[in-house]
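Naming convention: chains lettered A, B, ... in sequence-line order (proteins, then strands); numbering from 1 in each chain. Please read these numbers as outputs of a predicted model, since none were measured by experiment.
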Number of protein chains: 2
Amino acid sequence: MKTNDALKLDNQLCFPLYAASREIIKLYHVPLSRLGLTYTQYITMMVLWEEKHINVKELGKRLFLDSGTLTPLLKSLENQGYITRTRSSEDERVLVVELTAQGKKLKSKASNIPYEVGACVNLSPEEAGELYRLLYLLLNNISDT
Amino acid sequence: MKTNDALKLDNQLCFPLYAASREIIKLYHVPLSRLGLTYTQYITMMVLWEEKHINVKELGKRLFLDSGTLTPLLKSLENQGYITRTRSSEDERVLVVELTAQGKKLKSKASNIPYEVGACVNLSPEEAGELYRLLYLLLNNISDT
DNA sequence: TACAATTTAATTGTAACCAATCAAATGATT
DNA sequence: AATCATTTGATTGGTTACAATTAAATTGTA
């Protein structure tokens with residue numbers, strides 16, 4: 001690559017990552033709005049559908065988000081009746097997040113969303129798999145830094 | 001994949017895309033803060049370093065952003081003295097964005113940033129190239145929708 | 001020419017994001 | 001026990017992001 005070209009938008013790896021991320025998240029807008037969820041709230045619920053209960057720190061590690069983002073988001077999910085926020089009795093610093101019955105029920109309402117969105121993305125299984133592999137390679141790579 | 005697994009975070013293609021995008025953008029924070037730029041302001045300047053002048057609509061197409069994001073961002077770049085915002089005389093609806101002398105000079109100050117950030121990303125050239133290809137495949141694919 | 005439709009940015013309102021800081025609880029050291 | 005350091009979430013402040021709407025200019029058409 002010519003020295004001067006390093007600042008060209010088309011030569012950045014970060015830019016298509018950033019743009020594709022936002023464009024895909026937009027695809028979630030319509031199906032998620034039917035549930036009253038944002039994308040970030042949705043992936044938070046995903047973790048809870050797997051974990052049943054988790055504290056803010058662990059949740060942040062899973063989602064690569066900090067309390068500055070999670071605290072208001074979790075309060076919103078609490079207001080919507082999907083989760084409870086409780087201080088741990090063993091360690092009052094730790095806030096434990098748990099699903100309510102309504103939060104558990106939401107999972108079945110969301111079950112078709114991955115397929116709905118997936119239908120808009122016409123990558124072959126091989127391409128999707130390779131993209132998945134490279135994204136996690138990158139993600140793990142950066143986390144070490 | 002088992003039917004129930006479609007809602008697992010680890011089975012989403014979107015999530016590592018979203019997370020990796022944010023993690024990489026964070027790498028830009030330190031070098032960009034030396035210039036007083038955010039990441040979005042930086043990629044906007046990149047387009048201008050290539051194009052010299054461009055209107056908001058075309059800029060939005062390049063960056064996959066709309067006027068709701070760009071209007072305040074461009075006002076900020078204008079306040080910092082890097083660009084001018086002028087209505088086109090042929091069509092008063094169109095706002096033309098151009099670099100100031102200071103905006104042009106900023107390019108040389110930014111010239112090392114791609115290398116600084118690239119040094120934190122240890123993908124092989126082959127992996128980076130393949131990731132780049134797949135991301136644009138995905139991006140073009142979604143844009144058609 | 002009228003005037004409806006379209007185009008272009010700007011605005012509004014909501015929700016992320018995150019750097020930086022703070023406050024409270026806990027742990028470690030003496 | 002007293003004090004310092006660490007951990008955990010919450011808060012603050014500034015900047016995106018984007019859906020939805022608005023306002024103004026332009027274009028198309030009767």
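Residue A:Val30 is found outside any hydrophobic cluster, as its side-chain heavy atoms come under 4.5 Å of no other Ile, Leu, Val, Met, Phe, Trp or Tyr.
A:Gln12 is linked by a side-chain hydrogen bond (donor to acceptor under 3.5 Å, both in side chains) to nothing, counting only residues two or more places apart in sequence or in another chain. The salt bridge (charged side-chain N to carboxylate O under 4.0 Å, His left out) check on A:Glu98 picks up nothing, with sequence neighbours excluded. In terms of the side chain to side chain contact (heavy atoms under 4.5 Å, CB included) criterion, residue partners of B:Thr100 (sequence neighbours excluded) are, by chain and number, B:Thr84, B:Gln102.
Figure legend: cation-pi geometry between B:Arg133 and B:Tyr136 absent, as NZ or CZ is not positioned both under 6.0 Å from the six-membered ring centre and within 45° of its axis.
Regarding contacts with the backbone of D:dA17, a side-chain N or O of B:Thr40 is found under 4.0 angstrom from either OP1 or OP2. For the OP1/OP2 pair of D:dA10 and a distance below 4.0 Å, the side-chain nitrogens and oxygens of A:Thr71 include at least one atom meeting the criterion.
Checked by atom type and distance alone, the side chain of A:Trp49 pairs as donor or acceptor with a backbone atom of A:Gly103 at under 3.5 Å.
Heavy-atom nearest nucleotides on DNA chain D were determined for A:Leu70 and for B:Ile25, and the one closer to the 5' end corresponds to A:Leu70.
For the atom pair CG of B:Leu59 and CD1 of B:Ile54, the computed distance is 5.0 Å after rounding to the nearest 0.5 Å. Taking CG of A:Leu17 as the reference point, atom OG of B:Ser21 lies at 5.0 Å (rounded to 0.5 Å). One distance of note links CD of B:Glu126 with CG of A:Leu134; it measures 11.5 Å at 0.5 Å rounding.
Axis angle between the ends of the helix from C:dT1-D:dA30 to C:dT30-D:dA1, five pairs each and rounded to 10 degrees, works out to 10°.
Within residues 45-62 of chain A, no residue has any heavy atom under 4.0 Å from DNA chain C. For DNA chain C, the neighbouring residues in residues 29-39 of chain B, judged by any heavy atom under 4.0 Å, are B:His29. For the segment residues 76-96 of chain B, the set of residues with a heavy atom within less than 4.0 Å of an atom of DNA chain D comprises B:Glu90, B:Asp91, B:Glu92, B:Arg93, in numerical order.
Side-chain contact between A:Asp10 and A:Asp5 is absent, with no heavy atoms from C-beta onward closer than 4.5 Å. Here the side chains of B:Phe15 and A:Tyr132 are not in contact, with every heavy-atom distance at 4.5 Å or above.
Here B:Leu73 lies in heavy-atom contact (under 4.0 Å) with sugar-phosphate atoms only. Across all strands, A:Leu65 comes closer than 4.0 Å only to sugar-phosphate atoms, never to a base (heavy-atom distances).
Using a cut-off of 4.0 Å between Lys/Arg side-chain N and Asp/Glu carboxylate O, A:Glu78 and A:Lys75 are scored as not salt-bridged. Residues A:Lys107 and A:Glu50 are not paired through a salt bridge, judged by the lack of any N-O separation under 4.0 Å between the basic side chain and the carboxylate.
Summarising the geometry, the separation between CG on A:Leu27 and P on D:dA17 is reported as 17 Å, rounded to the nearest angstrom. Atom C1' of nucleotide D:dA10 and atom CG of A:Asp66 are separated by 11 Å, given to the nearest angstrom. Following rounding to the nearest Å, B:Gln41 (CD) and D:dT15 (P) show an atom-to-atom distance of 8 Å. Protein atom NZ of B:Lys75 is 15 Å distant from nucleotide atom C1' of D:dT16, rounded to whole Å. One interatomic measurement links the two molecules: CG of A:Leu74 to C1' of D:dT11, which rounds to 15 Å at whole-angstrom precision.
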Can I get a per-line list of side-chain donor-acceptor pairs under 3.5 Å for residues 89-96 of chain B, giving both atom names and the distance, sequence neighbours left out?
| from | atom 1 | to | atom 2 | distance (Å) |
| --- | --- | --- | --- | --- |
| B:Asp91 | OD1 | B:Arg93 | N | 3.0 |
| B:Asp91 | OD1 | B:Arg93 | NE | 3.0 |
| B:Asp91 | OD2 | B:Arg93 | NE | 3.4 |
| B:Asp91 | OD2 | B:Arg93 | NH2 | 2.7 |

Give every donor-acceptor pair under 3.5 Å between a side-chain atom in residues 40-47 of chain A and any protein atom, sequence neighbours left out.
| from | atom 1 | to | atom 2 | distance (Å) |
| --- | --- | --- | --- | --- |
| A:Gln41 | OE1 | A:Thr38 | N | 3.2 |
| A:Gln41 | NE2 | A:Ser76 | OG | 3.3 |
| A:Thr44 | OG1 | A:Thr40 | O | 2.8 |

Distance-only donor-acceptor pairs under 3.5 Å for side chains of residues 62-70 of chain B, two or more places apart:
| from | atom 1 | to | atom 2 | distance (Å) |
| --- | --- | --- | --- | --- |
| B:Arg62 | NH1 | B:Glu51 | OE2 | 2.8 |
| B:Asp66 | OD1 | B:Gly68 | N | 3.0 |
| B:Asp66 | OD1 | B:Thr69 | N | 3.2 |

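Along DNA chain C, read 5' to 3', the first and last nucleotides having any atom under 4.0 Å from a heavy atom of chain A are C:dA15 to C:dT26.
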